[in-house]
Structure formats: C-alpha cells, structure tokens
Amino acid sequence: MQNFLNFLAGGFLQLSWWQVVLITLVLTHITIVSVTVFLHRSQAHRGLDLHPAVMHFFRFWLWMTTGMVTKEWVAIHRKHHARCEREGDPHSPVVFGLGMVFFRGAELYRLEATNEETLKRFGHGTPDDWMERNVYSKHNLLGILIMLVLDIMLFGLEGLAVWAVQMAWIPFWAAGVVNGLGHAVGYRNFASPDTSTNVFPIGIIIGGEELHNNHHAYGTSAKFSSKWYEFDLGWCYISVLKFFKLAQVKKVAPKLKLEPESKALADSISLSTLQGVITHRYEILARYAEIISNTAKEELARLKPSLNAADPNCKWGLLKRCGDWIGRGDEVLDPEQRAQLQTVLEEDTRLSTVVRMQMELSRIWESSTASSEQLLADLRGWCQRAQQSGIESLEQFAQRLRRYAA
C-alpha cells in the first residue's frame, strides 16, 4: 500500500517540485521548437527543408503533445496570410476582436479545420505517408492520451498538472499571444499591409515567434530577426541543424543595401534601384510612416494656438483624433474613422500631399501589369515630385530612396 501511495505522490521518478517544473518547461519548449521550426517555417512557408528523421521526430512529438494535424495547421496558417485582416482570415483580431482571438484562439483553429475548402486549397505539400494517413491524422487524439499516461507514470498525480500545461501551452502562446497580441501590441519594423507587430525583440519563450511583424513582412524567410538587437532562438536551432546537415535553408529576408550618397542623383535611378525599392517596400513604408506622423505633429503644433483646442469639433481636435489612423490601410479602419480621416485630409493641404504621395509610391510595386520601364519612369517621376513638394522631410526621403539597390 505504501508503494502505491508513493507512486501516486511522485510516480516512477520521485522528483522534487522544482525538478518537475523544470522538466515541464523543457517538454513544452520542445513543442514550441516543433511548431516554429517544423510546422511554421518549414511546412507552411517552405523557408527550409528538414532531414526526414528530424521532420518525423517533430511530427511524432506534436502528435504526442498537441494532437494537431500538420495539414490542418499549415492550411489555416497559409489562409491567414492570404486573407490577413480581411473577411476569411481564420483568426484576425481585426475580424473577430482581440479578446476572442486571445482567449478562444484554439476554438477558431478547430472551427476552420472543419472547412474542407481551406484544407484543399491551402494544405498542399504536407506529409501524406502511411503514418500520416493511418496514425497521426486518423488518430490525432491517441497521442495526447498516451502522453497523459506517460506523465502520470513518470510524475504521479503531478503528471496531471504537467499534462494540462502541455495541452494549454500552444493554444495560449501560439493561438493567443502570437495571433492575438501579435496583431495588437508591440512595435513594427515594417509597414506590412496588416496590423502585425513584434511583441518583444527577444524571441525565446515562443522560439522567435515574438517577431511577428518581421515574419509578415518576409513570410518565406526562415529567419525572423531583422534588427541587430533582435534575437530569434528558432533560427539558432535551425543553424545547429544546418551545421550537422540536418536542415537546408532555402530563403531568408534580403539585407538592405544602400548606394553611397554621392551616387544618389536624379539620373541615377536604375533598374537596380527599382528592384531595391520593391524588395524593401515594407521597410520604406515604415520610414514613410514616420514622415506622416511628424507632419501630423507639426500641423497640430501649428493649429493649436489659433483654435479652441477644447472644442471636439474644431480642426485641431479632429486632427488629434485622426493622428494614429493616418497612413494606415482602409481595412483596419471602421467607416466612421475613414470619414473623419477624409475630412482632415480635405482641409489640410500639406498633410494631404504627404498621404497622397504615399499612395502613389505604393502603386509602383502594386502594379502587376506595368513593364519595368514604366515602373522605372513612375519611380523617377515620384522622386521628382517629392523633391518639388516643398516639404523638407519628403525631399530627404526621396534622396534616400535613390540609394536603394537590389
């Protein structure tokens, strides 16, 4: 009887509480690595290829610790990128609200996983061998039940808590934090056409998934860090696998290349410049957002002394309310916000010019039918208009734009 009670208290390992906590963190971290390296970077975006043995380990581990089916996860994530922040996005805070995505993100995943059209259209290229068809997909709940038994055998009744943490780890960090907070809280290096943010510059807890804005800017890159102060733990694991020839990196985000200022002349805009601008368009738009923000602040400072700032209907008050909306895509603004923003732009020539120039710049890389020669002429014309705008920050921006290179 005593042996049975001892087993219930500590299982076969008979560990102290802090040892159980440490092992739990290790187990959940392996799950995080499996998701970010295998499911996300390798399967969903094809940023790297993994050795079959490594790939199968990740598949087996995810079957045991999450019950997720590779094809379902990949299809839902690809659809998120294809429909980001619009109707059809499976888990956008803009569509469903931050609270829904943060607290019930796993439910949104399960709901979308029943959509056969999503799986057929976005789930191609995922594993389809005997194990996938007859074990991992067919009996996806069996793995987590086996893990429950193993946890109880190893840790006793404490194994129930270990198992519960394992089951909640990915729904909380991936479905909640990344898909929720990763579109609401943090900073942005790139003005990608969505609300994605970098939740934190040090990507350790979620294996680099914290750098969500960087990922949305360059979705197929196997490396998520961009700035010198950012750290992507997932990339460290990939580098180790690459060293042992267990992984082959296929794509990483391009590094920014700028020509010397002496070459930034009006007639120096070449096809290389055009390619550089298109490649780094989200970085360019992020810099342009600073111009819009500074222009709005300058207009606020100019208008405040001459108007009644306490009047919510005055031009100054309206501009202050619209300050955070200017330059953002219409898809993230509600109709009332768009109407107020339009009123501000109609009444402020200088701010309207800056916003209009942003839209014209975006059309250069959004055009899918124009020839390279036409796009090059458009870029040259844009830079010329910017330097003749009389807005100093816009003139300096155009000068820098000429330095971009492929």
Side-chain angles (χ1 to χ4, degrees), residues 187-194 196 198 213-221 225-228 230 252-299 323-330 345 348-406:
Y187 67 97
R188 285 166 63 87
N189 289 330
F190 305 97
S192 53
D194 49 59
S196 62
N198 293 324
N213 174 244
N214 294 356
H215 166 61
H216 267 263
Y218 297 101
T220 59
S221 174
S225 58
S226 174
K227 304 294 186 181
W228 65 268
E230 294 174 341
V252 293
K255 292 184 178 181
L256 180 62
K257 179 182 178 182
L258 295 176
E259 297 288 358
E261 290 188 19
S262 59
K263 293 186 178 181
L265 304 175
D267 59 353
S268 67
I269 300 180
S270 62
L271 285 176
S272 178
T273 309
L274 175 64
Q275 293 171 2
V277 167
I278 294 175
T279 299
H280 300 287
R281 57 192 180 277
Y282 296 143
E283 188 270 345
I284 289 172
L285 284 179
R287 288 183 177 274
Y288 201 101
E290 297 178 7
I291 295 178
I292 294 177
S293 177
N294 292 336
T295 303
K297 291 177 182 177
E298 291 169 2
E299 291 299 287
D324 294 335
W325 307 336
I326 301 173
R328 299 179 68 184
D330 286 345
L345 296 179
D348 195 303
T349 304
R350 191 165 180 267
L351 193 54
S352 177
T353 298
V354 173
V355 173
R356 187 189 73 251
M357 292 291 288
Q358 180 204 41
M359 297 172 63
E360 292 177 0
L361 181 61
S362 298
R363 292 193 193 104
I364 294 176
W365 52 70
E366 290 174 354
S367 176
S368 59
T369 58
S371 64
S372 298
E373 291 74 15
Q374 181 61 53
L375 294 178
L376 187 57
D378 292 342
L379 180 59
R380 287 171 176 166
W382 189 93
C383 289
Q384 184 177 8
R385 291 193 300 277
Q387 290 209 299
Q388 296 173 351
S389 65
I391 302 174
E392 183 180 359
S393 57
L394 196 53
E395 295 172 8
Q396 294 174 351
F397 182 85
Q399 188 70 8
R400 176 185 171 85
L401 204 61
R402 291 192 175 92
R403 298 175 55 197
Y404 280 79

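Note that the coordinates shown come from a computational prediction; the quantities given were computed from them, not determined experimentally. Values below: every heavy atom of this structure, side chains too, minus hydrogens, waters and symmetry copies.
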Side-chain heavy-atom pair M357, F397 within 4.5 angstrom cut-off:
no
Looking only at heavy atoms, the pair that brings L285 and S362 closest together is CD2-OG, 3.8 Å
Tell me if a side-chain donor or acceptor on S389 pairs with a main-chain N or O of A386 at a distance below 3.5 Å. yes
Checking the side chain of N213 only, and the main-chain atoms of N189 only, is there a donor and an acceptor separated by less than 3.5 Å? yes
Rounding to 0.5 Å, atoms CD (Q275) and CG (L376) come to a distance of 10.0 Å
Residues Q384 and R402: closest non-hydrogen pair is N-NH2, 4.4 Å
*asked:* I'd like to know if the side chain of E230 reaches the main chain of K227, judged simply by a donor and an acceptor atom lying under 3.5 Å from each other, with no hydrogens or angles considered.
replied: yes
Task: Student check: side-chain heavy atoms of Q399 and Q387 closer than 4.5 Å - done: yes
TODO: Ignoring hydrogens and angles, tell me if any N or O in the side chain of R281 forms a donor-acceptor pair with the backbone of I278 under 3.5 Å.
DONE: yes
| query | Between Y288 and V354, is there a donor-acceptor pair closer than 3.5 Å when you use the side chain of the first and the backbone of the second? | reply | yes
**Asked** Just by distance, do the side chain of R380 and the backbone of I269 share a donor-acceptor pair under 3.5 Å?
**Response** yes
Less than 4.5 Å apart, side chain to side chain, heavy atoms only: is that true for S196 and R188? yes
Item checked: Donor-acceptor under 3.5 Å (N214 side chain, N198 main chain) -> no
In short, A405 meets E259 closest at the heavy-atom pair CB-OE2, 3.7 Å
Closest heavy-atom pair, A191 versus A286, reported as atoms and distance to 0.1 Å, is CB-N, 3.5 Å
Rounding to 0.5 Å, atoms CZ (R403) and NZ (K257) come to a distance of 12.5 Å
For the pair I284 and L361, evaluate side-chain contact (heavy atoms from CB on, under 4.5 Å) and give the outcome as yes or no after the intermediate values.
CA-CA 10 Å; I284 289 172; L361 181 61; 4.0 Å; yes
| Is the shortest heavy-atom distance from the side chain of Y218 to the side chain of S192 under 4.5 Å? | no
In this structure, CZ of R385 is separated from CZ of R356 (nearest 0.5 Å) by 8.0 Å
For this session: Determine whether W382 and V277 make a side-chain contact, defined as any pair of heavy atoms from C-beta on separated by less than 4.5 Å.
Result: no
Value for OG1 (T220) from NE2 (H215), rounded to nearest 0.5 Å, stands at 9.0 Å
With L274 as partner, the option from T279, D378, L375 fulfilling side-chain contact (heavy atoms from CB on, under 4.5 Å) is L375
